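Note that ligands are numbered from 1 as they come in the structure, with each ligand's atoms numbered from 1 the same way. Since the model is a prediction, treat every value here as computed from it, not as a measurement. Only heavy atoms go into these numbers, but all of them, side chains included; no hydrogens, no water, no symmetry mates.
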Amino acid sequence: MKHTDIKALFESPEEFIGKTVTVCGWVRTSAEVKPMAFIQLNDGTTVTRNLQLTIHQEKMTEEDFRVNYRPMMTLGCSLKATGIIVASERNIIEMETTDITLLGDCPADYPLQKKRASEEFLRTIPHLRTRTNKMKACMSIRSCLAYAVHDYFHKNGYTYIHTPIITDSDCEGAGEMFRITTQPWNAPEKTEKEYFENDFFGKKAGLSVSCQLEGEMAACGGMGRIYTFGPTFRAEKSGTTRHVAEFWHVEPEVCFADIHDIIEIAEDFIKYIIRYAMVHCEDELSFCDKFIEKGLLDKLNNVVSSDFAQLDYTDAIGILQKSGKKFEYPVTWGCDLQSEHERYLTDEYFRKPVFLINYPKDIKSFYMKQNPDGKTVAATDLLVPGIGEIIGCSERETDMEKLVSAMTSRNMPLESYANYLDTRKFGTVEHSGFGLGFDRLVMYVTGIGNIRDVLQFPRTYKHIY
Ligand code: 4AD
Ligand code: MG
């Protein structure tokens with residue numbers, strides 16, 4: 001269907017004024033103010049910029065208007081309209097409509113009526129909530145940030161690799177892997193061993209929680225600098241506003257880089273992609289600043305123009321203990337920080353993103369490089385105000401003995417990790433990497449408070465729409 005994007009009309013109105021064009025779209029609102037009628041049309045190429053179609057009732061019979069125009073004024077229906085573009089003080093441009101065709105009507109049970117629907121309700125209609133301004137703005141910013149992720153790594157000499165989603169290794173070791181199977185629920189096998197032997201892969205398999213181990217094998221396997229960007233899966237039975245069962249994960253792995261190098265890269269990367277969105281999604285971010293998080297643009301400006309804080313885990317414990325705050329969970333050295341603790345550090349103490357470094361080794365994963373103190377690891381989480389952790393990052397352990405002992409103390413089956421361990425055998429190198437929770441970044445950049453609202457089809461515990 002040959003037509004012009006509404007976005008193109010607004011981008012260079014002077015090129016179109018006085019010309020006849022055809023547009024397509026969905027009716028956002030309409031009004032009859034005799035002798036005129038107005039329709040606001042949106043085709044998905046803009047967020048809030050609708051094209052006003054102006055209809056002159058006086059130029060037609062009442063019958064003509066009733067039959068050929070009024071049905072096109074129904075909220076939610078789709079149209080194709082042709083007319084002349086004219087300048088307008090209020091709307092920049094409008095269309096003096098000469099011809100309208102109804103593409104698809106929209107019956108009265110259309111769930112997006114004028115009254116604002118609740119977020120909970122909108123989540124039950126993922127196929128329609130993309131017609132709301134908020135979701136459209138979010139989806140466009142999300143798309144732009146994803147593009148910026150690739151742009152950053154390509155400009156900096158990383159190879160984009162595709163790692164498997166189906167795996168038999170649990171990178172984070174937290175027992176949060178989804179299992180995949182083709183066995184029937186009433187399989188006749190008597191033991192677990194027998195059950196998995198007869199399963200599709202002949203062993204227990206699941207969905208990857210992180211592409212890191214494959215990423216390390218690719219980087220150390222001679223590629224040097226790689227990144228992955230795809231969905232990963234966690235069966236966390238958690239109903240928080242920042243956990244989903246299927247999330248998008250950006251994971252670079254960099255050889256010849258220690259923890260300080262990777263922290264520098266992570267900060268540079270985050271600033272680059274936010275700056276990219278600020279340049280390419282100006283309208284969408286202004287919309288978010290106005291309707292989602294007041295002060296969002298100032299926040300983002302601050303983030304890209306000032307240094308992130310860095311704080312040792314041990315010093316963070318000191319700050320939290322001296323804060324005088326009543327936390328629900330007590331703070332002692334060695335504890336895993338709860339979101340109330342992270343919130344205090346980011347929202348009240350620093351008021352900006354913070355890299356928390358050198359965590360106790362017992363609360364972190366097996367692959368992290370052990371520090372000389374014997375108690376901590378060269379790992380950092382990037383915490384941001386309002387959300388908490390968006391990046392998990394570390395230098396990787398390259399000492400085979402230490403690595404193997406960290407794995408055996410966690411009861412990991414070494415035989416499943418033979419290839420991974422080989423990376424420490426055949427020309428091992430210092431290397432580091434991180435994982436960015438992309439959906440959490442989208443929350444941070446848009447100001448949207450619930451991760452379920454930055455994904456069109458969120459998957460969470462007990463919910464799959
Ligand atoms: O901190 P995590 O578990 O780190 C890893 O998986 C490392 N293997 C990454 C690496 O070094 N390559 O997860 C990384 C990030 C978290 O900081 C968080 O932003 C996000 O992934 N994340 C989730 N996002 C949404 N829903 C969930 N259930 C998430 N779990 C982790
Ligand atoms: Mg983490």
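- Counting only non-hydrogen atoms, the option in Lys364, Arg440, Glu172 that gets closest to atom 18 (C) of ligand 1 is Arg440.
- Of all protein heavy atoms, the one lying nearest to atom 21 (O) of ligand 1 is Phe247 CE1, 3.3 Å.
- Of the options Leu441, Thr232, Val244, the smallest heavy-atom separation from atom 26 (N) of ligand 1 is shown by Val244.
- Distances from atom 17 (O) of ligand 1 to the heavy atoms of Glu389, Met443, Met368 put Glu389 nearest.
- The nearest protein atom to atom 19 (O) of ligand 1, hydrogens excluded, is given as Ile390 O, 2.9 Å; this is a heavy-atom distance.
- Contacts of His243 with ligand 1, taken as heavy-atom pairs under 4.0 Å, involve both backbone and side chain.
- Between Phe287 atom CZ and Cys281 atom SG the span is 13.0 Å, to the nearest 0.5 Å.
- For Phe434 and Phe269, the distance between ring centers is under 6.0 angstrom.
- Nearest protein heavy-atom contact of atom 15 (C) of ligand 1 is Gly435 O, 3.5 Å.
- Nearest to atom 25 (C) of ligand 1 by heavy-atom distance, out of Glu253, Arg242, Arg396, Glu236, is Arg242.
- In this structure, the side chain of Lys352 engages the main chain of Asp307 through a donor-acceptor pair within 3.5 Å.
- Residue contacts with ligand 1, taken as heavy atom pairs separated by less than 4.0 Å, involve Phe434 solely via the backbone atoms N, CA, C and O.
- Within 6.0 Å of atom CZ in Phe200, 12 or fewer heavy atoms from other residues, nucleotides or ligands are found, so the atom counts as exposed in its surroundings.
- Geometric assessment of Lys271 against the ring of Tyr276 yields a negative cation-pi assignment under the 6.0 Å and 45° thresholds.
- By the 6.0 Å contact criterion, NZ on Lys7 is open, its count of non-hydrogen atoms from other residues, nucleotides or ligands being 12 or less.
- Atom 13 (O) of ligand 1 has Arg234 NH2, 3.6 Å as its closest protein atom, hydrogens excluded (heavy atom only).
- Counting protein heavy atoms only, atom 12 (N) of ligand 1 is closest to Glu251 OE1, 2.7 Å.
- Between atom NE2 of residue His341 and atom CD of residue Gln321 there is a gap of 10.0 Å, rounded to the nearest 0.5 Å.
- Taking the side chain as every heavy atom from C-beta outward, Met177 and Arg234 never approach each other to under 4.5 Å.
- Looking at Glu389 and the Mg ion (ligand 2) together, the shortest N, O or S contact belongs to OE2.
- Looking only at side-chain heavy atoms (C-beta outward), Phe256 and Glu430 stay at 4.5 Å or farther from each other.
- Within the listing of ligand 1, atoms 17 (O) sit less than 4.0 angstrom from a heavy atom of Ile391.
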Exercise for review: Please lay out, stage by stage, how Thr398 and Arg396 fare under the test side-chain hydrogen bond (donor to acceptor under 3.5 Å, both in side chains).
Suggested key: CA-CA 6 Å; Thr398 48; Arg396 317 310 191 186; over 6 Å; no
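- Close approach of ligand 1 to Ile451 is summarised as follows: ligand atoms under 4.0 Å from at least one heavy atom of the residue are 25 (C).
- Below 3.5 Å of separation, one finds an N or O of Gly437 facing an N or O of ligand 1.
- Atoms of ligand 1 lying under 4.0 Å from any heavy atom of Tyr367, numbered from 1 in the order shown and given with element: 7 (C), 8 (N).
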